[in-house]
Novice: 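Just passing along the structure, written as structure tokens.
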There are 2 protein chains.
Amino acid sequence: MSTAETPDTAGNASTREKILAAALQIFSERGFEGARTRDIAERAGANLGLIKYYFDTKEQLWKAAVDRAFEILTRDFQELMAPSSEVDERVALEQMIRRFVRFCAESPEFIRLMNDEGKRDGPRMRWLVDRHVKPMYELVRRRVESAQAKGMIPAIPVVSTHYIMVGAAGLLFSQAPECERMTGIDPTEKSTVEAHADAVVRLLMGDAT
Amino acid sequence: MSTAETPDTAGNASTREKILAAALQIFSERGFEGARTRDIAERAGANLGLIKYYFDTKEQLWKAAVDRAFEILTRDFQELMAPSSEVDERVALEQMIRRFVRFCAESPEFIRLMNDEGKRDGPRMRWLVDRHVKPMYELVRRRVESAQAKGMIPAIPVVSTHYIMVGAAGLLFSQAPECERMTGIDPTEKSTVEAHADAVVRLLMGDAT
DNA sequence: GTCTATAATTAGATAGAC
DNA sequence: GTCTATCTAATTATAGAC
């Protein structure tokens, strides 16, 4: 029982994980510049020096946190995004939208992170777009174009579709604190999430019920 | 020609205005903490000390900049948001949506500012919601409920409608730098703006063309 | 691996000349 | 009103003990 007995790559995984989770939360809430490494360490219950030990710099920590956020998304979506010739495509698309709404409700950090960095040009935005957002966009693009070709969803430019989808599905949850103060409603409440998913599906897929 | 001959309240309005305009841009791009007063002064072509002279603190400057952003919105919408019994309500609603999309394209700072502060609880969020966002929400609410009662738009919870509307209309423009890197498309280009407005109207108003 | 202490830098605020 | 110069506090990065 000297040192290397943890289940992860190297070092004490639980501390590393705690820092990563805290970083994801704080970076997403306050943005890169607004986030303080001291606060991240504190929320993780870890020592400030350990950030350098595990991630070297604030920027590396940010990248690791972003990678983590997209890992979670990918894990959640892998099956649903696959071509899936088994099920009816319309049903598959609807399920994809519902799952995305639920994902936004559970992981608002994801939307916050993406929406924060995409507002301005800079090395972090470029890294984020090239590494994560663009691949995701291309995946969605194929789906959308296929569905549009079959008349399942309105023929709208793909860029618009993408931003409408992300905006419509995610904003309610990324703005949860604002929403709660403004309306008294906690958007992460299950019934609210489901009602929102219904709404997004209905609008995007043009159901006229 | 001693000192007081400018068209504004007091002091040299043009410098004050330049600082305010620069602040609006920089605060919206980088958030409150990420914005540096030095950069704001520099972009305004003004001296750092003048920020204290005109606005006292960074926080006061932020509030003045936000007030300015909402003034622009209000000026743009005053007529359209009024009850307007003259025109067909359906047409009025559609026009309102189109105008909001165009406003987001022209003033992406507005969406950026709102979306940044609404992510976390804090004094700035509370000030912003109480002073600006909630009144706007209540205005939209009445319109939406009226339109829903008449079956003009789908019966969807007002909270969802609000965030879907703001997200669908605004995200494409608040994320303009990301969009341009990802797709090569400049979303502020006139044809893209109009196509996006068409898309949002079509989805929100359930047209099945 | 974890911690304390500190160096180096930078930010907002401010004093005061012109 | 506008400017230069500086103060003070806070932040990231880092050295080094345990």
Novice: Can you see if the side chain of B/Y54 gets near the phosphate of D/dT2 - specifically, an N or O under 4.0 Å from OP1 or OP2?
Specialist: yes
Novice: Just the rounded figure in Å: distance from P of D/dA10 to CD of A/E42.
Specialist: 14 Å
Novice: The side chain of B/T57 lies closest to which of these nucleotides: D/dT2, C/dA13, C/dC3?
Specialist: C/dA13
Novice: Could you walk me through whether B/D116 and A/K119 pass the salt bridge (charged side-chain N to carboxylate O under 4.0 Å, His left out) test, one step at a time?
Specialist: CA-CA 10 Å; B/D116 183 66; A/K119 289 186 301 186; 3.7 Å; yes
Novice: Is the closest side-chain donor-acceptor distance between B/E178 and A/Y137 under 3.5 Å?
Specialist: no
Novice: Nearest-Å distance, CH2 (B/W62) to P (C/dA13)?
Specialist: 15 Å
Novice: Are there any protein N/O atoms within less than 3.5 Å of an N/O atom in nucleotides 8-11 of chain C, and if so, which ones and at what distance?
Specialist:
from   : atom 1 : to    : atom 2 : distance (Å)
C/dA11 : OP1    : B/R36 : NE     : 3.2
C/dA11 : OP1    : B/R36 : NH1    : 2.8

Novice: Hey, are A/E71 and A/R68 close enough for a salt bridge, meaning a charged N less than 4.0 Å from a carboxylate O?
Specialist: yes
Novice: Output the rounded distance in Å from CG (A/N47) to P (C/dT6).
Specialist: 15 Å
Novice: Is the closest side-chain donor-acceptor distance between B/T57 and B/E59 under 3.5 Å?
Specialist: no
Novice: So, is A/K52 near the phosphate of D/dT14, with a side-chain N or O under 4.0 Å from OP1 or OP2?
Specialist: yes
Novice: Does this structure show an ion pair linking B/E29 with A/R120, if we count only N-O contacts that are shorter than 4.0 Å?
Specialist: no
Novice: Who are the side-chain hydrogen bond (donor to acceptor under 3.5 Å, both in side chains) partners of B/S107, not counting sequence neighbours?
Specialist: none
Novice: B/L61 has an atom CG; how far is it from atom C1' of C/dA13, in whole Å?
Specialist: 14 Å
Novice: Can you identify which nucleotide, out of C/dT2, D/dC3, C/dA13, has its nearest atom closest to the B/L48 side chain?
Specialist: C/dA13
Novice: Rounded off to whole Å, could you give me the OH-to-C1' distance for the B/Y53 and C/dA13 pair?
Specialist: 18 Å
Novice: Once you round it to whole Å, what is the distance between P of D/dA5 and CG of B/L50?
Specialist: 16 Å
